[in-house]
Asks: 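The following block contains the structure, expressed as structure tokens.
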Amino acid sequence: MVRSTFLSAFLALSLATFSSAQCGSGTPDATVSGSSGSFTASVAGSQVYSGSDLYSAIQTALDGISSGQRLSILASGSLGTNVISIPSGITFEGCGTIDVQANNGRGNIRSLNTQDVSIPYLTLTGSPYFGMHFYGVSRLSLGEINMALSGGLGIRFERDEAANSEVSMDSINISGAGSHAVETWNIDGLTINSVVARDVGECGLLLQSTTNAQIGTVDGTNVATGTGYATFRMANANGRLSDGSYETNVFVENVVARGGGRGVFCVSESGGVQIGNVDISDTGNNAILIENCYGVEILGGSVDGGGDVRISARDEFANTRDVSISLEVNGANVVERPCGENISWDISGDASLDVC
Ligand SMILES: *[C@@H]1O[C@H](CO)[C@@H](O)[C@H](O)[C@H]1NC(C)=O
Ligand SMILES: *[C@@H]1O[C@H](CO)[C@@H](O)[C@H](O)[C@H]1NC(C)=O
């Protein structure tokens, strides 16, 4: 496997900063404990809520702490359609399992226009509109996030709101979302260790208008089946720097896709991306599609079966250019149509080649 030593070094360094203290360990400043029908919330050791409503317990505990403090939710239970907004400087961790239901246009767990929010642990079930929702955040840190959903979208950074900077995610594991597992808009400075998506309706990881990103593994099984979405999709000028250039600034170590729709999909004036390795098999749509993108390198890996590996372009944007792909492709076609500009192919395996 060919890989970028720069990327590996960067990830080793940055991932070492993810905290590994256990959920609820030490002395949280506030806790929510109990179980269905009987919850208590405490702040600094004093009870501030006792009753049957998990939402009221969490909100009362959150209202009792301030920036620099931590709330540990030890209980499991249902939030229903309620929305919890996490203020600046708070560490919010869910050690049990919280069930959530859709609140139109909102995330049940959200943080909007904040700094230094940390969510080291969170496990959600249910069918949210967005499980987690963010915009206008800086230095947001997400740790081990698990969602076993029966619909909805996992984690969404909003499009038409304030931009975000310095966002990190350690281990994101999402199944059953009807839409995307993780969808970003407008982040400058994103670090992700891994996104694992299983049985997700649209994308595993969808990056849009996101720059200076360092990503470890994106791993999708049965993601985007029957659609044009992909395990890893870049769209809407992803990777385009503020000066309009596409100097490489999105680094992805590994993309794994099994079945589903597309594997890797770059579209609509995105680029500036280097993918170290791909491991893609039996996708129902293109294994890889690069359409009106600028500055895309795939350093190595394999495609086995499934749809074409293709470079394409639509008329509405400038033609695809500056693409270099080294791959072993077996049981699939490699197609360049229309011809791109400055395209370099290094294909091994039994693939049929229809390139310029
Ligand atoms: C990911 O989620 C699935 C269920 O949704 C669970 O079985 C698995 O243990 C989770 N993986 C991690 C690393 O937490
Ligand atoms: C051609 O594309 C490669 C990336 O594949 C890039 O590094 C190089 O600068 C491009 N050449 C020109 C002349 O733009």
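Just so it is clear, the structure is predicted and the values come from calculations on it, not from any experiment. Worth knowing before you read on, the calculation uses all heavy atoms, side chains too, and leaves out hydrogens, waters and symmetry mates. When a ligand or atom number is given, it counts from 1 through the structure's own listing order.
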Asks: May I ask you to list the atoms of ligand 1 that are less than 4.0 angstrom from any heavy atom of Ser175?
Replies: 5 (O)
Asks: Using a 4.0 Å cutoff against the non-hydrogen atoms of Ser324, which atoms of ligand 2 qualify?
Replies: 5 (O)
Asks: Between Thr125 and Asp99, does any side-chain donor sit less than 3.5 Å from a side-chain acceptor?
Replies: yes
Asks: For Asp188 and Thr211, test the side chains for any donor-to-acceptor distance below 3.5 angstrom and give the result as yes or no.
Replies: yes
Asks: Does atom 11 (N) of ligand 2 have any protein heavy atom closer than 4.0 Å?
Replies: yes
Asks: For the residue pair Asn342 / Asp322, report whether a side-chain donor-acceptor contact shorter than 3.5 Å exists.
Replies: yes
Asks: Quick test: of every protein heavy atom, which one is nearest to atom 4 (C) of ligand 2, and how far off is it to 0.1 Å?
Replies: Asp322 O, 3.8 Å
Asks: From atom 7 (O) of ligand 1, is the closest protein heavy-atom distance below 4.0 Å?
Replies: no
Asks: Out of curiosity, Thr81 OG1 to Tyr55 OH, how far, rounded to the nearest 0.5 Å?
Replies: 10.0 Å
Asks: Quick one: which of Thr125, Asp199, Ile172, Asn173 has a heavy atom closest to atom 2 (O) of ligand 1?
Replies: Asn173
Asks: Please work out whether any backbone atom (N, CA, C, O) or any side-chain heavy atom from C-beta onward of Asn146 is under 4.0 Å from ligand 1, and answer side chain, backbone, both or neither.
Replies: side chain
Asks: Does any donor atom in the side chain of Thr225 or Asn222 lie under 3.5 Å from an acceptor atom in the other side chain?
Replies: yes
Asks: Ignoring hydrogens and geometry beyond distance, is a side-chain donor-acceptor pair present between Asn146 and Glu144 at under 3.5 Å?
Replies: no
Asks: Counting only non-hydrogen atoms of the protein, does one fall under 4.0 Å from atom 14 (O) of ligand 2?
Replies: yes
Asks: Would Asn342 count as being in polar contact with ligand 2, using the rule that some N or O on each side must be under 3.5 angstrom apart?
Replies: yes
Asks: Does the ring centre of His133 sit less than 6.0 Å away from the ring centre of Phe157?
Replies: no
Asks: Record the part of Val323 in heavy-atom contact with ligand 2 below 4.0 Å; permitted values are side chain, backbone, both and neither.
Replies: backbone
Asks: So if I count the atoms of ligand 1 from 1 in the order they appear, which ones are less than 4.0 Å from some heavy atom of Ala148?
Replies: 5 (O)
